[in-house]
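Below you'll find the structure, written out as structure tokens, and then a few comments.
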Amino acid sequence: MSGVSLQFPITPNTDSHLSAINWDNLPFGKIFSDHMFVMEYADGAWQQGEILPFGPIAMHPAMSAIHYGQSIFEGMKAYRNDHNEVVLFRPELNARRFSESAARMCMPEIPEELFLAAVKQLVAQDAGWVTNKPGYALYIRPFMFATDEFVGIKPSDTYKFVIITSPVGAYYAEPVRVKIEEHYTRAAVGGVGRAKAAGNYGASLYPAKQAQQEGFHQLVWTDAKTHTFIEESGTMNIMFVINNTLITPSEDADTILRGTTKRTVLEVAASLGIPIEERPVTVAEIIEAAKNGTLQDVFGAGTAATIAPIAIIGYRDEKLTLPALETREISLKIKDFLDNIKSGAQPDTQHWIQKVC
Ligand SMILES: *Cc1c(COP(=O)(O)O)cnc(C)c1O
């Protein structure tokens with residue numbers, strides 16, 4: 001990193017389309033802000049990054065990422081709070097996880113301060129894209145891919161790190177219907193499930209599509225070996241409330257993505273005095289709890305949706321309907337707590353907020 005400045009040169013976009021955005025009808029992830037951050041890795045080091053007008057990136061047909069999948073990403077959000085400041089929520093956790101994903105995929109790590117400086121300067125440049133409309137945010141997508149022009153399997157020597165941003169509203173418009181998957185697998189022990197590696201998501205599309213044809217939004221993934229333990233739901237961590245205890249699969253296995261939202265939900269729950277259990281969770285105990293009425297709540301936790309209430313769980317030939325949303329006191333309380341920290345209504349005593357501008 002020697003010689004690399006954390007004050008990145010900017011080529012301004014002279015053709016902003018911000019004024020053309022219809023904020024009342026914003027498709028998720030299809031509209032992008034005016035600028036992007038681009039930085040290349042070559043000769044064993046990160047080169048000077050820069051902020052450029054958003055636009056296409058030229059690609060060599062032999063570029064190794066598209067052949068062999070060395071490609072990772074992150075997902076985070078910038079919010080505009082009640083004090084008209086643009087803020088990030090625990091971005092250092094994303095920076096760290098990005099480097100962990102990189103290490104697993106034989107890609108170069110990015111120093112935390114470089115990652116954070118790039119995110120902050122890009123978001124500051126496009127601060128006008130961060131609205132204070134409730135439920136809205138600027139979704140931030142940092143990603144890295146291998147760029148060697150070489151059709152041969154080996155870790156690439158060159159990479160591109162790019163950050164794009166996209167204004168978004170709510171992720172799921174309705175409570176989520178999920179199906180417990182007992183055949184296909186998202187991640188196996190020893191695999192890359194803990195990394196935010198692009199291929200994990202490509203591999204999930206086929207089984208997710210089968211479930212969508214049966215009327216579900218997403219799958220609940222189970223362990224690859226026995227399909228008796230619950231792991232995650234779609235691209236969210238999954239959390240349950242049984243008898244007023246918040247329960248979520250432990251992440252010791254390398255098959256579960258270590259979500260910042262889930263971590264935060266657990267920390268908030270602990271501070272509110274809610275009993276928590278992070279441990280292996282069986283399909284059988286969840287089905288039993290749903291049937292005997294002790295399952296009070298099930299929700300997904302992830303940056304895109306924050307807390308996504310799950311309404312229906314499909315299991316084999318059954319469809320189990322979960323309690324009405326307004327009865328889900330624990331997740332409602334935690335969501336309020338988080339919304340209030342992000343909006344500035346509640347003091348950030350945990351130092352989770354980093355101000356951009
Ligand atoms: C990104 C992701 C999550 C959620 O992580 P957050 O840091 O909370 O956004 C959970 N599971 C998978 C598989 C993911 O890709």
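Indexing begins at 1, ligand by ligand and atom by atom, following the structure's order. Since the structure is predicted, the reported quantities are computational estimates derived from the model, not experimental observations.
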TODO: Might you confirm whether atom CD of E182 has over 12 heavy atoms from other residues, nucleotides or ligands at distances under 6.0 Å?
DONE: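 Enclosed.
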TODO: Evaluate the side-chain proximity of E251 to K262: yes if any heavy-atom separation is below 4.5 Å, no if none is.
DONE: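 When only atoms from C-beta onward are counted, E251 and K262 do touch, with a gap below 4.5 Å.
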Open item on the list: Less than 4.5 Å apart, side chain to side chain, heavy atoms only: is that true for T147 and E40?
Closed with: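 T147 vs E40: side chains apart.
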Open item on the list: Under 4.0 Å between a side-chain nitrogen and a carboxylate oxygen: does that hold for R186 and E231?
Closed with: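 Answer for the salt bridge query: no.
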- [ ] Would you name the heavy atoms of L18 and S16 that are closest together and state the gap between them?
- [x]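 In this case the closest contact between L18 and S16 is N-OG, 3.2 Å.
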Task: G193 to N200 - nearest heavy-atom pair and separation - done: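 Smallest heavy-atom distance, with atoms named: CA-ND2, 3.9 Å.
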Open item on the list: List ligand 1 atoms under 4.0 Å from T260, heavy atoms only on the residue side.
Closed with: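 This gives 6 (P), 7 (O), 8 (O) as the contact atoms.
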Open item on the list: Give the atom numbers and elements of ligand 1 that come within less than 4.0 Å of a heavy atom of G259.
Closed with: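 Checking each atom against G259, I get 5 (O), 6 (P), 7 (O), 8 (O).
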Open item on the list: Test your reading of the structure: does K262 have an N or O sitting under 3.5 Å from an N or O of ligand 1?
Closed with: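 N/O-N/O distance under 3.5 Å: no.
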TODO: Indicate yes or no: does an N/O atom of E232 lie under 3.5 Å from an N/O atom of ligand 1?
DONE: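 By distance alone, the answer is yes.
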Quick one: nearest non-hydrogen protein atom to [atom], plus distance?
| atom | answer |
| --- | --- |
| atom 9 (O) of ligand 1 | T303 OG1, 2.6 Å |
| atom 15 (O) of ligand 1 | Y201 OH, 2.4 Å |
| atom 2 (C) of ligand 1 | K196 NZ, 2.5 Å |

Task: Within-shell test, R186 vs ligand 1, heavy atom, strictly < 4.0 Å - done: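 Contact check R186 vs ligand 1: positive.
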Task: contact_flag R97 ligand 1 heavy-atom lt 4.0 Å - done: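 It does; at least one heavy atom falls under 4.0 Å.
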TODO: Could you walk me through whether Y79 and V87 pass side chain to side chain contact (heavy atoms under 4.5 Å, CB included), step by step?
DONE: CA-CA 5 Å; Y79 307 88; V87 299; 4.1 Å; yes
Task: Minimum non-hydrogen distance to atom 4 (C) of ligand 1, winning option of T261, T235, T264, L93 - done: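 Shortest heavy-atom distance from atom 4 (C) of ligand 1: T235.
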Output a table of donor-acceptor pairs, distance under 3.5 Å, between side-chain atoms of residues 116-125 and any protein atom two or more places apart or on a different chain; print 'none' if there are none.
{"residue": "K120", "atom": "NZ", "partner": "Q354", "partner atom": "OE1", "Å": "2.5"}
{"residue": "Q121", "atom": "OE1", "partner": "F8", "partner atom": "N", "Å": "2.9"}
{"residue": "Q121", "atom": "NE2", "partner": "F8", "partner atom": "O", "Å": "2.8"}

TODO: Tell me which part of L257 gets within contact of ligand 1: side chain, backbone, both or neither, using heavy atoms under 4.0 Å.
DONE: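 For L257, only side-chain atoms sit under 4.0 Å from ligand 1.
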